[in-house]
Amino acid sequence: ERLRVGYFPNLTHAVPILGLRQGRFAQALGDDAVIEPRVFNAGPAAMEALLAGELDLAYLGPGPAITGFVRSKGRALRIVAGAASGGASLVVRGDRGIAAAKDLAGRRLASPQIGNTQDVALRIFLREHGLQTRERGGPVSVLPLAGPEILMLFRKGEIDGAWTPEPWAALLRRERGALELVDERALWPQGKFPTTVVVATRQLLLERPMLVERWLRAQIDVSRWIAAHAAEARAEVNAGLRDLTTRDIPVEAAADAWSRLAFGEEILGEALAKLAGDAQALGYLPSYDVAGLVDRAPLERALAAAPP
Amino acid sequence: MPSPQDVLASFARGLSDGSFLIGTAVSLRRIAVGYGISVVLGLGLGLAIGRFRLLEDTVGSLVFGLQTIPSICWLPFAILWFGLSERAIVFVVVMGALLSIVIATDDGVKNTPPLLVRAGRTMGMRGVGLYARVVLPSALPAIVSGMKLGWSFAWRSLMAGELLFVSAGLGQLLTVGRDLNDMSLVIAVMLLIVAVGLAVERLLFGTAERVIRRRWGFVGVRG
Amino acid sequence: MPSPQDVLASFARGLSDGSFLIGTAVSLRRIAVGYGISVVLGLGLGLAIGRFRLLEDTVGSLVFGLQTIPSICWLPFAILWFGLSERAIVFVVVMGALLSIVIATDDGVKNTPPLLVRAGRTMGMRGVGLYARVVLPSALPAIVSGMKLGWSFAWRSLMAGELLFVSAGLGQLLTVGRDLNDMSLVIAVMLLIVAVGLAVERLLFGTAERVIRRRWGFVGVRG
Amino acid sequence: MAAFVEIQRLTKVFAPRNGGAAVAALEGVDLAVAEGEFVCLVGPSGCGKSTLLNVVAGLEPPSAGDVRVNGRRISGAGADRGMVFQEAALFPWLNVIQNIEFPLRRLGVPRAERRARALHFLHMVHLSKFAGAYVHELSGGMRQRVAIARALAMDPKILLMDEPFAALDAQTRDILHEELQQIWQETRKTILFVTHNVREAAYLADRVAIFSAHPGTIKRVLPINYPHPRDKESLLIARAANVILEELKDEVEKAIRRQLGEEWQRPADRVSRSARLDLGRGI
Amino acid sequence: MAAFVEIQRLTKVFAPRNGGAAVAALEGVDLAVAEGEFVCLVGPSGCGKSTLLNVVAGLEPPSAGDVRVNGRRISGAGADRGMVFQEAALFPWLNVIQNIEFPLRRLGVPRAERRARALHFLHMVHLSKFAGAYVHELSGGMRQRVAIARALAMDPKILLMDEPFAALDAQTRDILHEELQQIWQETRKTILFVTHNVREAAYLADRVAIFSAHPGTIKRVLPINYPHPRDKESLLIARAANVILEELKDEVEKAIRRQLGEEWQRPADRVSRSARLDLGRGI
Ligand SMILES: Nc1ncnc2c1ncn2[C@@H]1O[C@H](COP(=O)(O)OP(=O)(O)OP(=O)(O)O)[C@@H](O)[C@H]1O
Ligand SMILES: Nc1ncnc2c1ncn2[C@@H]1O[C@H](COP(=O)(O)OP(=O)(O)OP(=O)(O)O)[C@@H](O)[C@H]1O
Ligand SMILES: [Mg+2]
Ligand SMILES: [Mg+2]
């Protein structure tokens, strides 16, 4: 038996990186399943693989998770746990006289990818402040751009700001004259919104629910260990990232980014529902009832089994 | 995989909400500019490289090397040099298509029958004149097929270049489809791309090749 | 933009920590397989299309249409059909390179001097034999330049295919550089890609083209 | 004597180009060639001689009429009919000896014999030293000789030769005449031979078919009833050549006049007698 | 009479191919041609005639020696030396009339005159009807005639003609002989003319340069001291042709023997007298 698990070489994926590195997942599964880790560069690719039946379990952003659920009409996957929260913000150039949301009129802003978590957040944020995007006849341009391009254009002054996840947000904040207009945590109850979630295929949940439960039990241990050994964890995640990408992430930015992330298994169901509703409201997704998006059962069993 | 019905529905939606039409129009305008520049520069460079050994060993090698760089690598440079403008996209298109035209032209030039060049020279032609009036027409079949390939690579690069920012274009539609995991949209756009590709091939190159084959008397192995 | 020193440092690091070596080796293995398949299929298809008008009007058009689809579009299909495997990457490479070889071969076939085909036929050759022994060698200059282009597109597609999942390879190094905003790494990898491209060009095609030009007596306009 | 190659009411029209008119290269050509016969075709430039050979070779389909070889209507080309093209059709990617061996391989001739045969005929056309040369390194006459060697090495039942000796000097041509005659007599090949050289025609042929032009038809078939081997210098040959020449002269002038209109005149009257006594014409 | 074209100790060696030996096409050739002179070059196939024309045309650099035109060492080709190549070098992307007009445009001939000149020479070679045809639609002889018309229309000071009439029937050739002579006498062109036809050489030339082969040298230059216009049938011409032929015969046989070794013999002894009385040779 094998368990194919997808994740990204990202700071927000500290949980799977550490768990796999420290062998905790393997230990939890024992002889019942061999873990086959698959590393992806971004959500759409991971979701393609999952929809194609090439993955059993995956860590990814709530955006792709919701998209995958809706596109498959609920047939493909369930969110079974959270993994990370926080770590996204709107950073603007200080020299543009932007002090509040209303000053964004007539500006060019960037988001990482159409329909991803931050893109939805940005557009909803604008809408809530009475601003429409250009394609809807409004005064704000939103450009989906990859991280490196965002940074370069920010430096050149061709964009006025960007709503990005860590570590890009941290890199932007470090630019001269940069101003953090919105820390996304401020927009959510208790400052918590999902950044990385765990999805399992329905097939896995139906055929081998025990594996999911044991996986989550190990994950709980990992997040608790991170909370208890923050510095050590950070160093080890860096090492893990270096193994995956052969390169280090810039140290200063990493520290800043790390400080804005929280790791835990909490599912944040209401936030997920809001994200799904927002994406549908923006027309990114066909309307489909997301009631069945979350399957709490494995996590609850895992929590019950875990020592407090 | 989406069902054919899904794809059809996506197609219908794209057509009715105008996004396919606008996307095609925008992309075609960009490619017209980018490809036009590629053809002019590519012919010039190709002819120059075919002519001067010094250029061949330097620029020629460089050209081939650059040719292997994927379009996506050019994005940062495009932004750096041209900012967020149409020109940046056009630059990506040019980098994608230019070099296959250069290579084909250079090849056509090198494979010019020596007898025709000699004939041109006894008519007092040399240098640029010889090039324009003898070598270029003689290399035409090779150049046309290089331009055909170049066109398809321009088109491919455009799709990459249009990832740069939202401004309609088929490449953007494609990315949206992929990012939103909307495979039926992706397939619908792919079909659109293929359709436009075929239309342009038929219009531009089909005719050119037929004329050339008739004049040259190439009939293939069927004749 | 990073300074040349930064790029040099990145280069040195990549060489010393082995990542460039491993990346190159992995990518070269993939491209060897993918390009090999492309050449075999491409020659076969190209010859077939050049031969049968029926195929030309159907498959030939399709081929050109497919040619315009960017590599990135093939990624979802690759995963669907081949899973997360090396074969998926190879598939992307083949889709990128195959068609330029097909087109070049078809073109070479169509531009075969009729006199040589006639000579072959009076020797009792027909069908496959005529193809293998007359048309193919005669189309060789065109085919070689098509293969050269195909090689560079295989290489480009490989870079796209290696985005499928993280699995060493130069394409991955490129993405890493981008994701970590390490422009000096990006440029170093680009230089590496160019260097490998040139090396292969020199090794494989340089020799082939020289031999062909000498035998055919093509001397360009310099002679 | 049953006809081996039988051409009946053969017409060949080339499809009109865009905007142009169709060209009738051959119209209602009848010709029956017996097995082992040597027939020469002569006629004004552009009268359809090459076209006729192409049709018999199976390279061009007839527009109308019938061409049979050994009683069977031809369908496509075959190695039974070897051709020497007007422009030496050598393969540029092969060297001289490889060009000659090329068809032999397909005919299943074993490797060693292939080489031996190729060398034999290469020797015959005096190009042994150039066995390794590529086509572009040969002079025009050398190319044509390689093409001749290739056709002879193939040893076909029917040889179709389109001005094979036109690019050769008189001596080399003389020698190749002998060689060809010897091969012909030994192997009883059927030969269709196009030439502009009336003495060559008279010397080599059993019969000479004289073409008229636009559209191409056979105006007359002249039998040369002297036994082989012949004496090239004999008066009989010269006389036959003269007859052919006279026939041709009218033909050519008629053709030119038809093309240029009745106003046409030979450039200088002084040479109008040029073709009168034609002992001096020919090979 | 100062030499207009002056060739001194000209040597042309083709670089050896991989593994092969260098080919010496010409070795120590001396030839001085006066302005307005008509010189024919004859010699065995492969002796370097085309190579010599190429060098004079400026298409091939000499390996050694000196070629001067009008006192100046040639450097590259020029429109002052028009060439008719051995294989009609027509441009396949142009039709017949465009091929003839092609060089005229570069020479600055105005549009209307271009067309008129092209039509004139097209008429001369009897191809007016084919003005719109493309190269692959012409017969071999028609192609060669278009190439001749093109060279004449260019009106160069020096005409280099490489077997221009080899693919033509005797009558057409006769007519073109007259035309060429007339043009030559009217415009006092200097002409270098390669042919295998000794009577053609004797009839046209002021002097005939006879080549020997391997390596190519000029063995003898024979003046034909009869005034133009000449009578093609005159015994004088026939006698001159015979002299050339005798010279050549030795040459060719020597060349063949050198190539094939001393064991070589003519295929049938019966024809060894073939070149004895050569009234019957030639045009
Ligand atoms: N592919 C073609 N398309 C159109 N017309 C053609 C084609 N091939 C030949 N012709 C025409 O057919 C006629 C006969 O040509 P062919 O080559 O048979 O002449 P020929 O007798 O061999 O002449 P030559 O002695 O000059 O070689 C010519 O008028 C020529 O223009
Ligand atoms: N490009 C070349 N490379 C090598 N050898 C060559 C080249 N061109 C010509 N030769 C050789 O030079 C010699 C002379 O060739 P050239 O074409 O001048 O002969 P020619 O006198 O014109 O013969 P022909 O009467 O057959 O046309 C030949 O032996 C030929 O093989
Ligand atoms: Mg002919
Ligand atoms: Mg020659």
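In what follows, every chain begins at residue 1, and chains take the letters A, B, ... in the order their sequences are listed.
For N95(E), no part lies near chain B; criterion is any non-hydrogen pair under 4.5 Å. Heavy atoms of L90(E) lying under 4.5 Å from chain B belong exclusively to its backbone. Only the side chain of R126(B) comes within contact range of chain E, judged by heavy atoms closer than 4.5 Å.
Counting heavy-atom pairs closer than 4.5 Å to chain B, the top-ranked of the candidates R105(E), R81(E), E87(E) is R105(E). In terms of heavy-atom pairs under 4.5 angstrom with chain B, the leader among R106(E), M154(E), R150(E) is R106(E).
None of E60(E), E163(E), Q86(E) except one satisfies the side chain to side chain donor-acceptor pair (under 3.5 Å) rule with S50(E); the exception is Q86(E).
Side-chain atoms of Y35(B) never come within 3.5 Å of backbone atoms of G150(B) as a donor-acceptor pair (strictly under, hydrogens ignored).
Checked for salt-bridge contact, D162(E) and K49(E) miss the test: no charged N lies under 4.0 Å from a carboxylate O.
Counting heavy atoms from C-beta outward, W74(B) and I69(B) have side chains that approach closer than 4.5 Å.
Taking all atoms of both residues into account, the shortest heavy-atom contact from W184(E) to G36(E) is NE1-O, 3.1 Å.
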